[in-house]
Amino acid sequence: MTDPRDVLSPAISAAIGRALGPEHEGADPVLRPSQYADVQANAALALAKRVGTSPREVAARVVAELDDLPATVEISGPGFLNITFDDVWVASLLGGLAADPRLGVPTQEAQVVPIDYSAPNVAKEMHVGHLRTTVVGDALARTLEHLGHRVVRQNHIGDWGTPFGMLIEHLLAVGEGSEEALLLESDPNAFYQAARAEFDGDEDFATRSRARVVALQAGDQETLRLWAELVELSRHYFNRIYSTLGVTLTDDDLAGESTYNADLAGICDELEAKGLATVSDGALCVFLEGHTGREGKPVPLIIRKSDGGYGYATTDLATIRHRVERLGADRCLYVIGAPQALHLEMVWETARLAGWLPDDVEVVHVKIGNVLGEDRKILRTRSGAPLRLMALLEEAQANARREVDSTRPELAEEVRAAIAPVVGIGAVKYADLSVAHDSEYVFDLDRMLAFTGNTGPYLQYAAARIHSIFRSAGVVPSHAAPIVLGEPAERALALQLLRFGTVVAEVGDTLEPHRLCTYLFDLAQDFSAFYEHCPVLRAATPQLRESRLSLAGLTLAVLVQGLDLLGIETPEQM
Ligand code: ARG
């Protein structure tokens with residue numbers, strides 16, 4: 001615990017109890033940032049109403065009971081407490097932070113947390129929605145792991161279903177290993193579209209495709225081999241995107257729809273036996289209370305279609321059962337599109353009724369909002385042509401390269417070539433992370449790549465600038481020297497640094513990476529203000545120089561660690 005407010009809060013709560021009676025103990029002191037002090041406590045107004053005196057009187061009684069706080073407390077306005085921490089105390093907390101390899105981030109009691117994210121579809125292009133779940137899911141995985149949890153990544157790829165008949169027949173038509181087949185690795189939509197065209201235009205092909213689906217479901221060996229070939233080629237495509245993005249997903253995390261094939265019949269049987277599912281119009285359905293559509297008609301969760309096939313809902317019932325029973329989940333995250341909220345609600349409710357999802361297992365839909373084009377419609381195409389994610393990522397890197405070439409022409413060619421992908425990809429990822437994950441936003445490469453504002457490049461630049469201070473000093477970055485605090489800008493930076501652990505823990509609780517982005521952005525701005533007002537290399541005394549270098553080094557460590565939790569790299573120069 002290094003955030004001084006974490007010490008302050010319980011101290012004030014206890015004082016409130018002593019001043020106003022035990023029934024008020026534990027009252028929230030309502031801490032707010034203040035321009036007149038480090039923090040302001042605003043509880044007196046609400047408490048005054050309850051105890052029937054004036055807020056100022058309440059404030060005075062609470063202050064009288066506050067003992068031994070390493071801070072000065074002043075009553076202001078109608079009854080606020082303006083609290084300014086003692087410099088020496090803040091400096092000693094900062095010393096503790098600097099000596100802590102975890103930089104104040106707590107280690108929480110370990111939970112098993114399966115995270116369902118990314119989940120692209122075989123033989124289809126990943127779209128920007130997949131990009132967003134991949135980036136947000138990966139940041140959550142990294143953060144929860146860092147907080148001490150056992151994260152189990154689950155990449156629920158779409159690798160099963162009726163289109164596979166058509167896709168397999170197309171693979172045979174173009175020839176395994178042919179150039180057209182290899183499109184699956186580079187431009188999967190082109191492969192899919194060609195298969196579709198053949199299906200729509202050629203009656204024989206369509207008939208063969210339908211027969212293929214039957215053979216696939218019946219487990220025909222040769223058909224399964226061809227199917228596996230399609231999945232394998234798509235896997236290469238996914239992995240190329242993942243390595244370009246620097247996400248932590250590996251082949252070991254693949255748990256596609258097909259992995260649950262053997263469970264689906266049993267799931268249906270069990271729901272039927274438990275009286276939860278009934279046949280309606282030939283389909284096996286679960287009807288849940290409160291889920292009604294137009295004219296009050298109940299909306300079913302279809303778990304077996306009238307043709308005997310299983311669908312998306314059935315496999316998702318299998319995912320929850322698997323994650324609870326086999327993986328031992330304490331908390332399950334589904335990082336998937338916001339429009340799928342109803343689907344998940346119905347699946348979870350069914351699982352609860354079936355006894356597959358115990359009350360003490362938490363399930364969370366981390367809702368991913370739509371990514372829009374400049375026309376504010378869902379971003380699907382660019383200038384008419386289908387949107388290719390790889391092309392988009394390449395464009396981001398090329399733009400970053402142009403920017404670095406023009407701002408840092410003096411850097412060696414290899415150095416600029418290495419910086420460009422870090423900045424380009426960092427920009428795209430940060431844009432996904434810095435807005436609330438459930439909000440919509442407009443995809444705008446120019447804005448993402450801007451060096452000013454709340455962007456990835458701005459934060460990377462802040463870190464690179466600290467590296468350059470150390471380069472000028474001729475030493476490697478460190479934060480070992482004792483830090484003394486005098487100037488207001490130094491204190492502000494110190495207090496911000498002390499909040500890091502609290503913010504990371506908050507991201508783990510709320511599953512909102514944008515809070516960490518906001519924090520890092522504030523930190524970078526506090527550093528800028530510090531650097532502007534407090535000379536570092538030309539500080540008045542050698543001790544002060546060391547202290548300020550240490551403060552810069554600690555800021556760098558927090559920036560690098562924070563960005564790393566978001567899955568963003570920091571270049572040493574840019
Ligand atoms: N493959 C699906 C899609 O592209 C997403 C799957 C999300 N995960 C899940 N367990 N339903 O929309």
Side-chain angles (χ1 to χ4, degrees), residues 101-102 105-119 133-157 242 247-264 266-267 270 313-337 340-341 343-368 433 437-438 501-513 515-516 561 564-567:
R102 293 185 56 79
V105 176
T107 305
Q108 301 179 332
E109 199 188 317
Q111 287 191 320
V112 176
V113 190
I115 309 184
D116 186 312
Y117 70 101
S118 191
T133 126
T134 305
V135 168
V136 171
D138 208 51
L140 291 175
R142 290 166 184 262
T143 304
L144 289 168
E145 245 161 19
H146 188 60
L147 285 166
H149 301 292
R150 202 166 80 67
V151 167
V152 193
R153 292 164 177 78
Q154 296 280 283
N155 192 356
H156 190 71
I157 58 170
Y242 294 155
V247 299
T248 57
L249 284 168
T250 68
D251 288 348
D252 291 343
D253 308 315
L254 287 171
E257 295 176 3
S258 70
T259 51
Y260 303 100
N261 282 349
D263 303 343
L264 305 181
I267 284 186
E270 198 174 323
T314 331
T315 34
D316 259 331
L317 282 166
T319 62
I320 194 73
R321 207 174 66 160
H322 173 76
R323 290 167 197 177
V324 171
E325 286 172 14
R326 304 267 171 72
L327 302 180
D330 295 302
R331 193 182 191 202
C332 287
L333 314 188
Y334 286 75
V335 187
I336 68 185
Q340 296 194 38
H343 158 79
L344 280 182
E345 256 170 54
M346 293 180 80
V347 165
W348 294 341
E349 199 178 327
T350 303
R352 293 239 189 250
L353 292 169
W356 301 329
L357 181 55
D359 287 342
D360 61 351
V361 177
E362 190 194 355
V363 279
V364 188
H365 181 189
V366 180
K367 298 189 177 83
I368 297 299
L433 292 162
H437 58 67
D438 56 352
T502 309
V503 173
V504 174
E506 222 172 76
V507 173
D509 292 341
T510 59
L511 308 172
E512 292 177 344
R515 291 170 186 256
L516 181 53
Q561 173 72 84
D564 183 62
L565 293 177
L566 296 170

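Counting begins at 1 with the first residue of the sequence.
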Is the backbone N or O of Ala119 less than 3.5 Å from a side-chain atom of His156, with the two atoms forming a donor-acceptor pair by type?
no
Hey, does the side chain of Thr107 reach the backbone of Leu147 with a donor-acceptor pair shorter than 3.5 angstrom?
no
Between atom CD1 of Ile267 and atom OG1 of Thr350, what is the distance when rounded to the nearest 0.5 Å?
11.0 Å
What pairs meet the salt bridge (charged side-chain N to carboxylate O under 4.0 Å, His left out) rule with one or both residues in residues 145-155, with sequence neighbours excluded?
Glu145-Arg153
Value for CG (Leu566) from OG1 (Thr143), rounded to nearest 0.5 Å, stands at 6.5 Å
Shortest non-hydrogen contact between Val136 and Pro513, atoms and distance
CG1-CG, 4.3 Å
Is the side chain of Thr133 donor-acceptor paired with the backbone N or O of Val335 at a distance under 3.5 Å, no angle test?
yes
Pair Gln108-Asp509, side chain to side chain contact (heavy atoms under 4.5 Å, CB included): steps then yes or no:
CA-CA 11 Å; Gln108 301 179 332; Asp509 292 341; 4.1 Å; yes
Taking all non-hydrogen atoms of both residues, which atom of Val347 and which atom of Leu317 are closest, and how far apart?
O-CD2, 3.5 Å
Just verifying a value: how many Å separate Leu249 CG and Thr134 OG1, rounded to the nearest 0.5 Å?
7.0 Å
If only atom types and distance count, is the side chain of His365 paired as donor or acceptor with the main-chain N or O of Gly337 below 3.5 Å?
yes
Over all atoms of both residues, closest heavy-atom pair of Pro106 and Gly501
CD-O, 3.6 Å
Pairwise side-chain contact, Tyr242 with Asp138, heavy-atom cut-off 4.5 Å (strictly under)
no
How long is the straight-line distance from CG of Asp438 back to CD of Glu512, given to the nearest 0.5 Å?
7.5 Å
Evaluate His343 against Asp316 for side chain to side chain donor-acceptor pair (under 3.5 Å), listing each step before the verdict.
CA-CA 9 Å; His343 158 79; Asp316 259 331; 2.7 Å; yes
Quick check: closest heavy atoms across Arg323 and Cys332, and the distance to 0.1 Å?
CB-SG, 4.0 Å
For the atom pair CD (Gln561) and CZ (Arg102), what is the distance rounded to the nearest 0.5 Å?
8.0 Å
Closest heavy-atom pair and its distance - Arg142, Thr248
NH2-CG2, 3.6 Å
Please tell me if the side chains of Tyr117 and Leu333 come closer than 4.5 Å, counting only heavy atoms from C-beta onward.
no
Which pairs pass salt bridge (charged side-chain N to carboxylate O under 4.0 Å, His left out) with one or both residues in residues 352-362, sequence neighbours excluded?
Arg331-Glu362
Side chain to side chain, Tyr334 and Ile320, heavy atoms closer than 4.5 Å:
yes
What is the distance from atom CD1 of Ile115 to atom CG of Leu140, rounded to the nearest 0.5 Å?
6.0 Å
Short question: side chain of His437, backbone of Ile368 - any donor-acceptor pair under 3.5 Å?
no
To check you understand the geometry: which heavy-atom pair defines the closest contact between Val324 and Pro358, and what is its length?
CG1-CD, 3.7 Å
Would you call Thr315 and Leu264 a side-chain contact if the rule is heavy atoms closer than 4.5 Å?
yes
Given the rule in the side chain to side chain contact (heavy atoms under 4.5 Å, CB included) test, do Val105 and His146 qualify, once you have shown the distances and angles that lead to the verdict?
CA-CA 8 Å; Val105 176; His146 188 60; 3.7 Å; yes
